[in-house]
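First up is the structure itself, then whatever we jot down about it.
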2 protein chains.
Amino acid sequence: METKYNIVKQAIMSKILDGTIRPNQKISSETELMNEFNVSRHTVRLAIGDLVTRGWLYRTQGAGTFCADRLHNESNTNSDSAKTIAIITTYISDYIFPSIIRGAEAYLSENGYHVTLFSTNNNHDDERKFLEKVISRQFDGVIVEPTRSAFSNPNIKYYLNLERLKIPYLMINAYYDELEPISLTMDDEKGGFLQTEHLIKQGHRNIVGFFKTDDIQGTKRMKGYLKAHRTYEVPLNPNHIITYNTAEKKDKPTEELRKLLAKNNQDTPTAIVCYNDELAINLLDVIRGMGLKVPDNISIVGYDDSFLSNVSEVKLTTVEHPKSEMGKAAGKVIIDLIKDKNKAEGKIESIVYEPKLIVRNSTKELKE
Amino acid sequence: METKYNIVKQAIMSKILDGTIRPNQKISSETELMNEFNVSRHTVRLAIGDLVTRGWLYRTQGAGTFCADRLHNESNTNSDSAKTIAIITTYISDYIFPSIIRGAEAYLSENGYHVTLFSTNNNHDDERKFLEKVISRQFDGVIVEPTRSAFSNPNIKYYLNLERLKIPYLMINAYYDELEPISLTMDDEKGGFLQTEHLIKQGHRNIVGFFKTDDIQGTKRMKGYLKAHRTYEVPLNPNHIITYNTAEKKDKPTEELRKLLAKNNQDTPTAIVCYNDELAINLLDVIRGMGLKVPDNISIVGYDDSFLSNVSEVKLTTVEHPKSEMGKAAGKVIIDLIKDKNKAEGKIESIVYEPKLIVRNSTKELKE
DNA sequence: TCCGATTTGTTCGTATGTATG
DNA sequence: GCATACATACGAACAAATCGG
């Protein structure tokens with residue numbers, strides 16, 4: 001797959017898919033491509049030849065090579081036969097995503113659609129690759145969980161191209177600010193606020209917060225954590241905010257917590273706000289390992305109400321996440337969007353779910 | 001029209017049309033054609049390449065160029081349009097299935113396929129519905145985790161129809177005995193044996209076994225449990241075998257265990273063999289609820305080495321399941337099957353994974 | 001209408017890599 | 001292990017079509 005002509009081919013296809021080259025527009029000449037990719041003319045011709053036979057390009061001797069108008073031609077093959085929705089998530093198999101996917105799959109399946117899955121592993125390159133597939137194969141609709149939503153997205157062009165091609169899409173859990181798409185999210189700031197408020201009301205004053213900051217959810221939950229401190233006029237110790245990203249998620253938070261708990265002084269945290277249940281369970285292990293008890297020595301609040309929160313010997317206090325309900329709603333909204341494609345828009349709107357705290361026994365009133 | 005490659009092309013086409021070259025018969029090699037027509041290799045390749053993209057010929061590296069079976073070819077126009085694999089599992093979102101699916105998705109995605117998911121919720125009607133879809137939509141291949149594999153399957157006809165239509169399929173985790181399909185499974189009987197043997201070697205004599213018996217895996221693991229007892233000449237208490245099915249899985253095992261632990265006599269179990277980790281975690285809760293400790297008062301062995309086995313305060317002794325490796329292998333095998341569709345079969349074979357016991361701290365030497 | 005620069009079309013030669021039998 | 005056959009890649013040359021001036 002790493003052949004030179006394939007690289008050239010993919011590059012040309014990308015430009016078509018992301019809208020840089022539009023139907024009937026001339027692409028770079030063979031000589032230009034030779035220089036651009038440092039390959040021989042033969043290689044360039046192999047790549048172009050393949051795309052010509054596949055219907056992506058057409059050539060005219062003396063004039064140049066042009067982008068074919070294939071999008072209109074192919075639309076009829078799929079119109080009534082396919083009924084397929086693409087779901088692009090960061091991880092299909094981890095944590096709460098399976099529940100979301102199942103909710104969507106069940107609803108879509110009932111309504112005669114089927115579901116094709118792609119997981120980006122939180123990687124923009126993969127996200128691009130899948131968006132290309134979605135565009136070229138003309139799915140009927142796309143449900144996307146944005147990859148690294150806290151950062152500006154290099155694939156914005158592809159999303160705009162989806163709009164241009166009138167392929168309905170919506171985003172779940174988070175969305176890229178630049179796009180303002182239809183989305184299903186929860187009020188993560190309020191969620192973070194609820195987590196922290198609960199602990200403050202229980203008398204905790206040294207509350208450490210762990211937040212994954214490469215997606216919007218994490219930064220918003222952190223914002224809620226800060227707001228709760230301000231609202232209740234609890235002074236904030238800057239050392240008690242730990243941020244991490246996906247790559248660091250295995251080691252950094254556990255190490256940081258170990259450090260914090262090791263030095264035993266009046267600043268030692270008595271409670272922990274976690275980005276999610278997965279992290280909470282990991283931190284629980286650290287706490288156990290240091291001979292401390294939850295909730296007697298330290299309280300901990302998770303987020304998402306995942307299966308993990310009920311699995312350990314300490315049932316986690318956590319924030320409810322709609323999960324399969326959100327998946328089902330996503331299925332419903334995407335079908336509505338598909339049906340409404342030709343009509344006047346307006347009715348279909350984004351949904352924001354209200355977070356709700358679920359109190360179990362990982363948190364406890366602080367006694368002096 | 002008098003280009004050299006056109007002359008070569010016409011010559012080859014003539015031979016095919018007049019029957020000199022028949023379907024799947026090898027045509028002259030590139031070198032032979034070079035000499036025959038006094039042209040360069042490049043020219044020969046141009047001619048052949050064109051005929052390949054038109055579906056007249058196919059090439060195999062190292063073997064030669066062959067006449068295509070054009071009748072069969074017309075049905076799919078497969079150049080790059082489809083490339084979709086269906087995965088039918090019992091539950092897409094629970095337990096170890098997400099890992100298996102991810103393994104498959106990752107591999108298939110790398111190889112230009114995409115994956116469409118169906119979950120039967122262990123229901124034969126849904127399974128039938130999805131098999132119909134697969135057949136009518138002409139997927140390139142199907143990966144199936146059988147629904148209620150311990151029972152005879154009312155959908156056998158559909159699987160036979162897959163074979164008739166030459167849609168490659170394979171089964172994972174279990175297979176229907178009547179079909180003998182290509183499959184990826186583990187040696188569940190040996191797995192059950194290892195679970196039980198481990199406990200017997202630790203001195204346990206009252207070992208209760210919980211098995212889900214509506215799939216083959218459960219019945220085989222039970223067989224292994226029985227065999228271990230026979231091998232080590234440990235008398236078997238019939239009350240110590242608890243079977244349940246999917247519908248009962250929430251309540252029956254926990255209630256049965258409560259009953260067993262309640263009556264405190266010399267027959268009270270000192271160890272538990274579980275159908276899987278999920279059940280083990282549920283039973284752990286029961287044990288905790290009755291004020292008993294694992295592994296001090298009672299030992300417990302899980303199965304599958306799922307994330308659950310590492311989540312609780314007691315890390316489970318369990319049996320390794322290949323999971324994502326199995327998923328990846330499934331992807332590889334199904335692609336092999338697709339590529340081999342036209343050729344002679346034989347090379348591609350089922351895989352049986354050897355189980356391996358992972359000893360953690362939910363089991364302990366029994367002291368009298 | 002023709003010219004010349006550009007661009008694609010056809011053809012040759014050569015070399016190395018990789019899969020098959 | 002070896003010969004065979006296809007796969008990828010470099011280079012060069014000339015032909016034919018297009019297009020702006």
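By convention in this document, chain letters (A, B, ...) are assigned in the order of the sequence lines, proteins followed by strands, and residues within each chain are numbered from 1. Quick caveat, the model's predicted, so the values are computed rather than measured.
Counting only heavy atoms from C-beta on, Gln61(B) has its side chain closest to dA7(D) among dA7(D), dC10(D), dG9(C). Among the nucleotides dT8(C), dA5(D), dT11(C), the one closest to any side-chain atom of Ser29(B) is dA5(D). Considering only the side chain of Tyr5(B), dT11(C) comes nearest among dT11(C), dG9(C), dT8(D). Candidate nucleotides dT8(C), dT18(D), dA9(D) were compared by shortest atom distance to the side chain of His42(A), and dA9(D) ranks first. Here the nucleotide nearest the side chain of Lys4(A), chosen from dC6(D), dA9(D), dC12(C), is dA9(D).
The side chain of Arg45(B) contributes an N or O atom lying less than 4.0 Å from OP1 or OP2 of dA7(D). Between Thr65(B) and the phosphate of dC6(D), there is a side-chain N or O to OP1/OP2 separation shorter than 4.0 Å. For the pair Thr43(B) and dC12(C), the criterion of a side-chain N or O lying under 4.0 Å from OP1 or OP2 is met. Listed pair Arg59(A) / dG9(C) meets the phosphate criterion, a side-chain N or O lying under 4.0 Å from OP1 or OP2.
Note on Thr31(A): nothing from the nucleic acid sits closer than 4.0 angstrom, heavy atoms only.
Taking the nucleotide of DNA chain D with the nearest heavy atom to each of Ala63(A) and Met34(A), the more 5' of the two is matched to Met34(A).
To the nearest angstrom, C1' of dA9(D) lies 16 Å from CG of Asp50(A). If you measure from atom CG of Asn6(A) to atom P of dA7(D), you get 14 Å, rounded to the nearest angstrom. If you measure from atom CD1 of Ile27(B) to atom P of dA5(D), you get 12 Å, rounded to the nearest angstrom. Rounding to whole angstrom units, CZ of residue Phe66(A) and C1' of dT6(C) are separated by 12 Å. In this entry the distance linking CD of Glu30(A) with C1' of dA13(D) reads 15 Å, nearest Å. Spacing between atom CZ of Arg41(A) and atom P of dT11(C) amounts to 13 Å, rounded to whole angstrom units. When rounded to the nearest whole Å, the span between CD1 of Ile7(A) and P of dC10(D) equals 10 Å. One atom, CG of Leu46(A), and another, P of dC6(D), lie 16 Å apart when rounded to the nearest Å.
For the 3.5 Å distance criterion, the side chains of Glu145(B) and Tyr175(B) fail to qualify, holding no donor opposite an acceptor.
With sequence neighbours excluded, the residues that form a ring-ring contact (aromatic ring centres under 6.0 Å, His included) with Phe66(A) are Tyr58(A).
Without hydrogens or angle criteria, Gln10(B) side chain to Ile7(B) main chain gives no donor-acceptor distance under 3.5 Å. Checked by atom type and distance alone, the side chain of Asp140(A) pairs as donor or acceptor with a backbone atom of Thr84(A) at under 3.5 Å.
Each of Asp215(A), Thr90(A), Asn122(A) was compared with Thr246(A) under the side chain to side chain donor-acceptor pair (under 3.5 Å) criterion, and only Asn122(A) meets it.
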